[in-house]
Number of protein chains: 2
Amino acid sequence: MLGSVPADRSARGESAAPARPLRDADATRQRLLEAATAEFAVHGIAGARVDRIATAAQANKAQIYHYFGSKEGLFDAVLGAHANVATAEEYFDADDLPGTAGRLFDQFDSRPDLARLATWYRLERAGSERSIGPIMAANEAKIAAITLAQRQGSVTDTFPPDVLLGLVITLAMAWVTLPPEFENPANAHSTGQRREFVIESVRRLIAP
Amino acid sequence: MLGSVPADRSARGESAAPARPLRDADATRQRLLEAATAEFAVHGIAGARVDRIATAAQANKAQIYHYFGSKEGLFDAVLGAHANVATAEEYFDADDLPGTAGRLFDQFDSRPDLARLATWYRLERAGSERSIGPIMAANEAKIAAITLAQRQGSVTDTFPPDVLLGLVITLAMAWVTLPPEFENPANAHSTGQRREFVIESVRRLIAP
DNA sequence: AGCTGTCAACTGAACGGTTAGTTGATATGC
DNA sequence: GCATATCAACTAACCGTTCAGTTGACAGCT
């Protein structure tokens, strides 16, 4: 469920993949990260309970401090572990921003916990200057690609490229971001419909 | 225990506005609500400290429980106190959705704490079914107005009216919602520019 | 006007439970 | 044998909540 795990054990000179030992630091780290992802997504940093994370990971509280130093350190590690998912270039195509928005929508739809995690981060750890470096670097490339698409005329230059990127992401997140009050329960829309609304919105935004 | 905070002081028969007595229940309630608004906006429910709120309000901790029953009761009271601001009809005009988005943007821009409060509510108190009733009722009226505007042709019917309302609100909140990573510091836009981007976005969304 | 009884606003201090973080001992793989 | 992964027990602080008691405001009585 989590991002690719390097599990860099080759440095220790192991040749082939050995049988899983009863004590596997990497596996424990991984279980802790997964349990912490779920706990932080639901309760945030202040509301998360270290004991619950340790229990859910079938590990011990002390290991959290051994591996991650502190509760906040664990949160940063969780965020970092999912950063590659968030910045994945493979979903981005400056020449097809509506399609990009659709794929982004699918991401948020399939992993709403990651969207919540990002929101908690924004609320609780703003200005901590942690782990947003790589994301900003990834955005630079995307903004450059949008600039190029604008020069070629396939995208309107009404909006600056960074604004356009922000708008696409915002619209893709719309139904995750929106408070529940604005969901009309009597007239709820299916996932497929909402996806189509997002795509159409972006299509209208970039029309020359 | 939780819902018993009507505080109808008119029963005491106060005639004109007298000099503020040293002990004024209404004033204390108000100070607590203001201090709680600031505290909850910054730290959320789990992160807020009842002691800090009491100190900031120059009141005693026990009074919070006397007036609001519990920490969560206080949060709900804070939300309720600001609900009228959020649902204010005077800013909404179905025949001028871009302008509406601009006015909404101004709201979020002038009171970012209220936007944070709403986000905390969504994350920490989702499904509590408290105090969202009036907001949903207010939305019903707005959705009906949009439906009418669509029938008159001044607004596209590409999107259902409730979706359109959600999109307008989402776009108006865009720069409050967006994580800091998507702010380009080297190329930051002024408030006036961002306001214009929001308006132009909605204009494009509703174009027939 | 002065005295007094009553009620509500207010307070300081504590309580019971919980929490993040620590430690030192034990078990395990190499 | 040695490094380290693991764990139960521990602690010191903290936090929401309660409570017994105090103080101020005001109405009624004389």
Side-chain angles (χ1 to χ4, degrees), chain A residues 7-33 35-36 39-40 43-77 124, chain B residues 1-2 4-33 35-36 39-40 43-78 124:
Chain A
D8 182 24
R9 307 171 68 72
S10 55
R12 256 193 339 228
E14 296 170 7
S15 52
R20 257 285 146 77
L22 264 70
R23 296 193 162 188
D24 188 331
D26 285 340
T28 303
R29 269 181 68 99
Q30 202 58 33
R31 287 202 315 276
L32 282 172
L33 279 176
E39 176 78 7
F40 282 131
H43 298 103
I45 300 179
R49 295 295 165 248
V50 180
D51 276 304
R52 276 202 296 255
I53 295 174
T55 304
Q58 291 175 280
N60 192 278
K61 207 168 37 157
Q63 283 162 282
I64 289 175
Y65 294 91
H66 178 239
Y67 288 124
F68 304 102
S70 70
K71 195 190 190 183
E72 297 211 333
L74 176 57
F75 183 84
D76 288 340
E124 299 197 88
Chain B
M1 184 165 275
L2 193 126
S4 61
V5 268
D8 57 322
R9 332 248 322 130
S10 52
R12 217 164 58 190
E14 297 169 2
S15 51
R20 263 288 138 87
L22 263 71
R23 298 191 163 186
D24 187 331
D26 284 342
T28 303
R29 271 182 64 100
Q30 200 58 35
R31 287 202 316 276
L32 282 172
L33 279 176
E39 176 78 8
F40 282 131
H43 296 104
I45 300 178
R49 295 293 164 248
V50 182
D51 275 305
R52 275 201 297 255
I53 295 173
T55 305
Q58 291 175 280
N60 190 282
K61 226 187 342 178
Q63 285 168 279
I64 290 175
Y65 294 89
H66 178 239
Y67 288 124
F68 304 103
S70 70
K71 194 190 190 183
E72 297 211 333
L74 177 58
F75 182 83
D76 288 340
V78 166
E124 299 196 270

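Protein chains get the first letters and strands the later ones, always in sequence-line order, with residue 1 at the start of each.
- Residue Ala48(A) is in sugar-phosphate contact alone, with no base atom involved, counting any heavy-atom pair closer than 4.0 Å across all strands shown.
- Separating the NZ atom of Lys71(A) from the P atom of dG21(C) is a distance of 8 Å, rounded to the nearest angstrom.
- Residue Thr28(A) has its side chain nearest to dA5(D) when only dG24(D), dA5(D), dA20(C) are considered.
- DNA chain D lies under 4.0 Å from at least one heavy atom of each of the following residues of residues 56-68 of chain A: Ala59(A), Asn60(A), Ala62(A), Gln63(A), His66(A), Tyr67(A).
- Nearest heavy-atom pair across Ile45(B) and Lys71(B) is O-NZ, 2.7 Å.
- As rounded to whole Å, 13 Å separates atom C1' of dA5(D) from atom CZ of Arg29(A).
- Residues forming a side chain to side chain contact (heavy atoms under 4.5 Å, CB included) with Ala62(A) (at least two apart in sequence, or on another chain): Asn60(A).
- Every residue meeting the side chain to side chain contact (heavy atoms under 4.5 Å, CB included) condition with Ala57(B), not counting sequence neighbours, appears here in chain and number order: Arg31(B), Leu32(B), Ala35(B), Ala59(B).
- Partners of Lys61(A) under the side chain to side chain contact (heavy atoms under 4.5 Å, CB included) rule, at least two apart in sequence or in another chain, are Val50(A), Asp51(A), Ala54(A), Tyr65(A).
- OP1 or OP2 of dG16(D) lies within a sub-4.0 Å distance of a side-chain N or O belonging to Arg49(B).
- Rounded to whole angstrom, the span from the CZ atom of Arg31(A) across to the P atom of dC7(D) amounts to 8 Å.
- Within the structure, every side-chain polar atom (N or O) of Ser70(B) is placed at least 4.0 Å from both OP1 and OP2 of dG16(D).
- Under the salt bridge (Lys or Arg N to Asp or Glu O under 4.0 Å) criterion, Arg52(A) pairs with Glu39(A), sequence neighbours left out.
- The CG atom of Asp51(A) sits 12 Å away from the C1' atom of dA9(D) (whole-angstrom rounding).
- Annotation: side chain to side chain donor-acceptor pair (under 3.5 Å) contacts of Glu72(A) (sequence neighbours excluded): Arg125(A).
- Nucleotide dA20(C) holds its C1' atom 17 Å from the CZ atom of Phe75(A), rounded to whole Å.
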